[in-house]
Number of protein chains: 2
Amino acid sequence: MEETPSCRVETALEILTGKWKPSILLELITHDTLRFSELKRNLPNITQKMLTAQLRELELNDIVHREIYQVVPPRVEYSLTDYGKTLIPVLNAINAWGEKHVEHLAQKDMLQDVTISSTSDSF
Amino acid sequence: MEETPSCRVETALEILTGKWKPSILLELITHDTLRFSELKRNLPNITQKMLTAQLRELELNDIVHREIYQVVPPRVEYSLTDYGKTLIPVLNAINAWGEKHVEHLAQKDMLQDVTISSTSDSF
DNA sequence: TGGTATAGTATCCTAAACGATACCATGAAG
DNA sequence: CTTCATGGTATCGTTTAGGATACTATACCA
């Protein structure tokens with residue numbers, strides 16, 4: 001029953017964090033709808049267990065929709081819910097800052113190899 | 001040497017996540033400069049070890065500045081760097097979404113107790 | 001001489017996240 | 001009747017995050 005800003009930030013971050021959730025969300029943002037196997041293919045190092053677990057959590061939070069087709073072999077498709085799509089601007093903001101940060105660290109740590117120039121403010 | 005959006009998002013999230021970093025950052029945003037002991041007082045359940053560790057990480061990433069006064073007993077003050085302040089809009093975006101999300105879950109899970117109305121879009 | 005305050009370290013332990021691997025059900029195709 | 005593809009579970013082990021507790025240095029103050 002807390003209602004502080006830090007509580008809200010943590011609530012939001014819970015949805016975005018975990019080793020795989022950002023990648024999964026970005027996949028669904030850029031591909032719209034993906035089968036389980038397609039997601040797995042696109043995330044080369046994830047285990048089946050982790051992919052299932054993360055998708056279930058996202059589903060519980062009403063971020064992704066899981067559509068099951070009763071066929072054999074099974075076909076299950078994942079996509080963002082309308083509500084899940086409200087996360088896109090947040091991810092864009094985080095992505096933009098992350099991009100600056102990579103540059104910032106590059107400038108700080110190494111004063112060398114200043115050949116970075118790509119800039120993309122959204123996906 | 002990855003340069004994908006998900007890599008950038010993860011880089012940014014690394015800075016924001018951890019059980020205490022959001023709280024620490026929000027403290028420094030709202031109070032500007034705080035001594036170690038003041039931070040500890042304001043974060044009632046944090047251990048000294050965790051506070052030190054999280055502050056060190058934030059310092060390494062150039063998010064917070066650590067000012068040491070050579071007196072006894074020691075006095076050490078923490079504040080956001082100018083660069084660290086560029087995180088504020090990001091935290092605001094996350095906070096705003098988190099607020100909506102709390103409401104969203106409330107509507108979904110319980111169809112009761114609809115007495116929530118506070119709205120604050122920034123700190 | 002001993003207690004106090006501050007800002008830490010060091011050590012050990014638990015719990016949670018994550019990973020590797022094996023297993024399962026189904027029906028169609030061969 | 002065997003094999004294949006899909007989308008999972010179950011079980012176990014490791015690795016990491018976090019927590020509890022004890023310890024430290026220093027100078028001042030009584």
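Letters go in sequence order (proteins before strands), and every chain restarts at 1. Values below: every heavy atom of this structure, side chains too, minus hydrogens, waters and symmetry copies.
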Check your understanding: NZ of A/K49 versus P of C/dC23: gap in Å, rounded?
Key -> 17 Å
Review point. Are any of the side-chain nitrogens in A/E67 or A/R75 under 4.0 Å away from the carboxylate oxygens of its partner?
Key: no
Practice item. Nearest whole angstrom, please: distance from the P of D/dA17 to the CG of B/L51. Key: 17 Å
Point to revise | Nucleotide nearest A/P74 (side chain, heavy atoms from C-beta), chosen from D/dT6, D/dT9, C/dT9 | key: D/dT6
Point to revise | Under 3.5 Å: donor-acceptor pair, side chain of A/E38, backbone of A/R35 | key: yes
Review point. Taking for each residue the nucleotide of DNA chain C with the nearest heavy atom, is it A/T47 or B/V76 whose nucleotide lies nearer the 5' end?
Key: B/V76
Revision key, fill the gap. Among the nucleotides D/dG18, C/dG19, C/dT26, whichever has the atom closest to the side chain of B/K19 is D/dG18
Exercise for review: Measure from the side-chain N and O atoms of A/N61 to the backbone N and O of A/E57, and report whether any donor-acceptor pair falls under 3.5 Å.
Suggested key: yes
Review point. Taking the six-membered ring for Trp, is the centroid-to-centroid distance between B/H104 and A/Y83 below 6.0 Å?
Key: yes
Point to revise | Nearest-0.5 Å distance, CD1 of residue A/I63 to CG of residue A/L25 | key: 7.5 Å
Practice item. Provide, to the nearest angstrom, the distance between the CD atom belonging to B/Q54 and the P atom belonging to C/dG8. Key: 14 Å
Review point. Want to settle it: does B/P73 or A/L55 sit nearer the 5' end of DNA chain D, counting the closest nucleotide to each?
Key: A/L55
Point to revise | Near-strand residues of residues 22-44 of chain A, defined as heavy-atom separation under 4.0 angstrom from DNA chain D | key: A/R35, A/F36, A/S37
Check your understanding: C/dA17 P sits how many Å from A/E14 CD, rounded?
Key -> 10 Å
Review point. What is the distance from CD1 of A/I46 to C1' of D/dG7, rounded to the nearest Å?
Key: 14 Å
Practice item. Measure from the side-chain heavy atoms of B/M50 and tell me the nearest of D/dG18, C/dG27, D/dT9. Key: D/dG18
Review point. OP1 or OP2 of C/dA7 sitting under 4.0 Å from any side-chain N/O of B/R66?
Key: no
Point to revise | Euclidean distance, atom CZ of residue A/R75 to atom P of C/dA28 [Å, nearest integer] | key: 17 Å
Review point. Counting any heavy atom closer than 4.0 Å, what does B/Y78 reach on the DNA or RNA strands: base, sugar-phosphate only, or nothing?
Key: sugar-phosphate
Revision key, fill the gap. So CZ of A/R66 and CG of A/L58: to nearest 0.5 Å the spacing works out to 12.5 Å
Point to revise | Length of the CD-P vector between B/Q48 and C/dC12, whole Å | key: 19 Å
Point to revise | Same apolar cluster (I L V M F W Y, side chains within < 4.5 Å links), A/I68/A/I24 | key: yes
Review point. What is the distance from CG of B/L13 to C1' of C/dA17, rounded to the nearest Å?
Key: 16 Å
